[in-house]
Amino acid sequence: MSARFPVVRPRRLRRTPALRRLVAESRVRPEDLILPMFVKEGIGEPNPVGSMPGVVQHTRDSLRAAAKEAAEAGVGAIMLFGIPEFKDERGSAADDPGGIVQQALRDLSSDLGDDIVLMADLCLDEYTSHGHCGLLTPTGEVDNDATLERYAAIAVAQAAAGVQVVGPSGMMDGQVGAIRTALDGAGYTDVVILAYAVKYASAFYGPFREAAEGAPRFGDRTGYQQDPANVRESLREVELDIAEGADMVMVKPGLAYLDVVAKVAEHVRVPVSAYQVSGEYAMVEAAAERGWIDRERAILETLTAFRRAGAGQILTYWATEAARMLR
């Protein structure tokens with residue numbers, strides 16, 4: 001028979017901050033954090049994102065300054081999203097050597113070297129005039145296989161500009177294999193693939209679409225992003241991406257899908273990331289602005305939840321601020 005109260009008193013280990021730190025089961029470190037950043041072509045100063053307080057669309061210069069701050073705070077990586085000045089049906093700016101993300105990657109590679117990991121989102125929604133994540137058929141459907149050719153070209157362009165990790169997020173079947181083949185064929189065998197392997201068709205992306213200017217002009221993305229009701233499907237997607245060559249996998253969104261994060265982390269033997277998406281960020285900021293919650297405690301509590309669920313890396317718009325708090 002196991003010991004019981006009054007012999008067993010679990011509160012002993014909660015009595016002081018030092019004791020609580022000593023026995024903490026989950027810890028968030030600055031180097032676990034990945035900062036998503038938006039860089040926009042054709043603007044003269046940073047443009048605040050109304051639905052995401054504290055987040056801006058950067059100029060190349062302001063991006064360089066903010067990236068330096070993130071590196072100095074100890075943030076592990078930056079994930080770049082680009083907004084071109086001109087869009088077309090093919091998303092031509094996405095793989096243009098002079099495109100905004102490629103320019104930004106060269107800037108940050110020169111500034112920061114290996115002080116921080118440089119990642120870039122690999123998709124077409126920010127670049128296409130229709131706002132979908134791939135090329136369209138004449139009937140307006142996303143053409144999976146034709147889109148893979150575009151993704152392959154984007155991967156090579158980003159690698160040539162200095163990216164260390166590409167993040168394919170379009171949820172096209174076969175995207176990881178097409179990108180790995182293209183990178184290896186072009187000699188970029190060391191470029192890492194962080195696959196958005198589990199990406200749900202979520203209501204929590206709304207503020208991001210303002211920031212990235214990538215909302216679809218018609219329809220939605222339920223035909224290629226996942227149904228929020230499913231989890232076995234997620235494990236299958238993860239298995240397929242790893243078999244195609246993914247080095248890391250991601251679950252997106254995060255807080256509403258911590259059960260999925262946990263299942264994926266138990267299921268695989270590669271690093272698992274989770275994305276604290278724009279709507280999750282905006283809800284905390286809005287509640288804190290009204291005085292309904294303690295902002296800093298809420299930030300750290302949500303980040304700890306990701307680590308407790310099994311995420312090794314966390315994409316969060318609070319990365320720089322949280323890194324400073326953690327240090």
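In what follows, every heavy atom counts, from backbone to side chain, and hydrogens, waters and symmetry copies are set aside. Here the structure is a predicted model, which means the values were calculated and not measured.
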*Asks:* Can you find a pair of side-chain heavy atoms, one from R327 and one from P30, that are under 4.5 Å apart?
*Replies:*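 Side-chain contact under 4.5 Å: yes.
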
*Asks:* Strictly distance-based, threshold 3.5 Å: is any side-chain N or O of N230 a donor or acceptor partner for the main-chain N or O of E233?
*Replies:*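 Not at all, since once roles are kept as given, no pair shorter than 3.5 Å links the two residues.
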
*Asks:* In terms of heavy-atom contacts, does CD of E85 have more than 12 from other residues, nucleotides or ligands at under 6.0 Å?
*Replies:*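 Buried by this count: over 12 neighbours within 6.0 Å.
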
*Asks:* Do S129 and D88 pair up side chain to side chain, a donor and an acceptor below 3.5 Å, judged on atom types alone?
*Replies:*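 Per modelled atom types, S129 and D88 side chains form no pair under 3.5 Å.
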
*Asks:* In the structure I gave you, are the side-chain heavy atoms of R64 and T59 within less than 4.5 Å of one another anywhere?
*Replies:*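 They are not in contact (no side-chain heavy atoms under 4.5 Å apart), so the answer is no.
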
*Asks:* Please tell me if the side chains of I116 and V75 come closer than 4.5 Å, counting only heavy atoms from C-beta onward.
*Replies:*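 Yes - at least one pair of side-chain heavy atoms lies under 4.5 Å apart.
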
*Asks:* If you count heavy atoms of other groups shown closer than 6.0 angstrom to CG of D227, is the number above 12?
*Replies:*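 Atom CG in D227 is packed in, count exceeds 12.
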
*Asks:* Ignoring hydrogens and angles, tell me if any N or O in the side chain of E210 forms a donor-acceptor pair with the backbone of S51 under 3.5 Å.
*Replies:*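 Yes, the answer is positive, given that a donor and an acceptor are paired below the 3.5 Å cut-off.
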
*Asks:* Please check this pair: side chain of N144 against backbone of D173, looking for a donor-acceptor N/O pair closer than 3.5 Å.
*Replies:*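 The answer is yes, because a donor-acceptor pair under 3.5 Å joins these two groups.
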
*Asks:* Decide yes or no for Y205 and V277: does some side-chain heavy atom of the first lie under 4.5 Å from some side-chain heavy atom of the second?
*Replies:*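 Yes, side chains in contact.
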
*Asks:* Using a 4.5 Å cut-off on heavy atoms from C-beta on, say whether the side chain of L135 contacts that of R150.
*Replies:*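 A side-chain contact exists here, since the closest heavy-atom pair is under 4.5 Å.
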
*Asks:* Heavy atoms, side chains only, cut-off 4.5 Å: are E239 and H267 in contact?
*Replies:*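 E239 reaches H267 side chain to side chain.
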
*Asks:* When you measure from the side chain of S109 to the backbone of L105, do you find a donor-acceptor pair of N or O atoms at a distance under 3.5 Å?
*Replies:*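 Answer holds: yes.
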
*Asks:* Is D125 salt-bridged to R209, cutoff N-O under 4.0 Å?
*Replies:*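 Result for this pair is no, no salt bridge flagged.
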
*Asks:* Mind checking who shares a hydrophobic cluster with V260, ILVMFWY linked at side-chain heavy-atom distances under 4.5 Å?
*Replies:*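 Grouped by the 4.5 Å side-chain rule, V198, Y200, V231, L235, V238, I242, V249, V251, Y257, V261, V264, V268, V270, V272 form the rest of the cluster around V260.
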
*Asks:* Is it the case that more than 12 heavy atoms not belonging to F218 sit under 6.0 Å from its CZ atom?
*Replies:*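 Enclosed.
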
*Asks:* Between K199 and E237, is there a salt bridge with N-O shorter than 4.0 Å?
*Replies:*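 The answer is no: the pair does not qualify as a salt bridge.
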
*Asks:* Ignoring hydrogens and angles, tell me if any N or O in the side chain of R180 forms a donor-acceptor pair with the backbone of E244 under 3.5 Å.
*Replies:*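 Between the backbone of E244 and the side chain of R180 there is no qualifying donor-acceptor contact (under 3.5 Å).
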
*Asks:* Give, for atom OG1 of T304 and atom CZ of R297, the distance between the pair rounded to the nearest 0.5 Å.
*Replies:*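 The distance works out to 11.5 Å.
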
*Asks:* Can a donor-acceptor pair be found, under 3.5 Å and without considering hydrogens, that links the side chain of Q57 to the backbone of A211?
*Replies:*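 Here the side-chain-to-backbone pair exists.
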
*Asks:* Compare all side-chain heavy atoms of M37 with those of L63 and state whether any distance is below 4.5 angstrom.
*Replies:*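 M37 vs L63: side chains touch.
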
*Asks:* Give me the atom names and distance for the closest heavy-atom approach of A178 to A152.
*Replies:*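 Closest approach of A178 to A152, heavy atoms only: O-CB, 4.0 Å.
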
*Asks:* Look only at the side chain of R308 and the backbone of S26, and say whether a donor-acceptor pair between them is shorter than 3.5 Å.
*Replies:*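 Not a single qualifying donor-acceptor pair exists.
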
*Asks:* How about V165 and D247: do any of their side-chain heavy atoms sit closer than 4.5 Å?
*Replies:*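 A side-chain contact under 4.5 Å is absent here.
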
*Asks:* Taking only residues at least two apart or on different chains, which pairs with a member in residues 269-292 satisfy side chain to side chain donor-acceptor pair (under 3.5 Å)?
*Replies:*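 Found S273-Q313, Y275-Y317, Q276-T302, Q276-T316, E285-R295, E285-W318.
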
*Asks:* With a 3.5 Å distance limit and no angle check, can you tell me whether H130 reaches the backbone of H132 through a side-chain donor-acceptor pair?
*Replies:*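 Confirmed, H130 side chain pairs with H132 backbone.
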
*Asks:* Has K252 got its NZ or CZ under 6.0 Å from the middle of the six-membered ring of F306, at an angle within 45 degrees of the ring axis?
*Replies:*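 Checked: cation-pi criterion not met.
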
*Asks:* Nearest 0.5 Å, please: how far is CG in L124 from NZ in K87?
*Replies:*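 So the gap between those two atoms works out to 11.0 Å.
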
*Asks:* Look only at the side chain of E296 and the backbone of A322, and say whether a donor-acceptor pair between them is shorter than 3.5 Å.
*Replies:*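 Flag not set: sc E296 to bb A322 has no pair under 3.5 Å.
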
*Asks:* Check this for me: R324, atom CZ, are more than 12 non-hydrogen atoms of other residues, nucleotides or ligands nearer than 6.0 Å?
*Replies:*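 Yes.
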
*Asks:* Tell me, yes or no, whether the heavy-atom count around R217 atom CZ, taken from other residues, nucleotides or ligands under 6.0 Å, exceeds 12.
*Replies:*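 Atom CZ in R217 is crowded, with more than 12 foreign heavy atoms closer than 6.0 Å.
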
*Asks:* May I ask you to decide whether D111 forms a salt bridge with K68, counting only side-chain N to carboxylate O separations under 4.0 Å?
*Replies:*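 Not counted as a salt bridge, because no side-chain N and carboxylate O are separated by less than 4.0 Å.
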
*Asks:* Checking E141 side chain against G223 main chain: does a donor-acceptor pair fall under 3.5 Å?
*Replies:*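 Judged by distance alone, no pair lies under 3.5 Å.
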
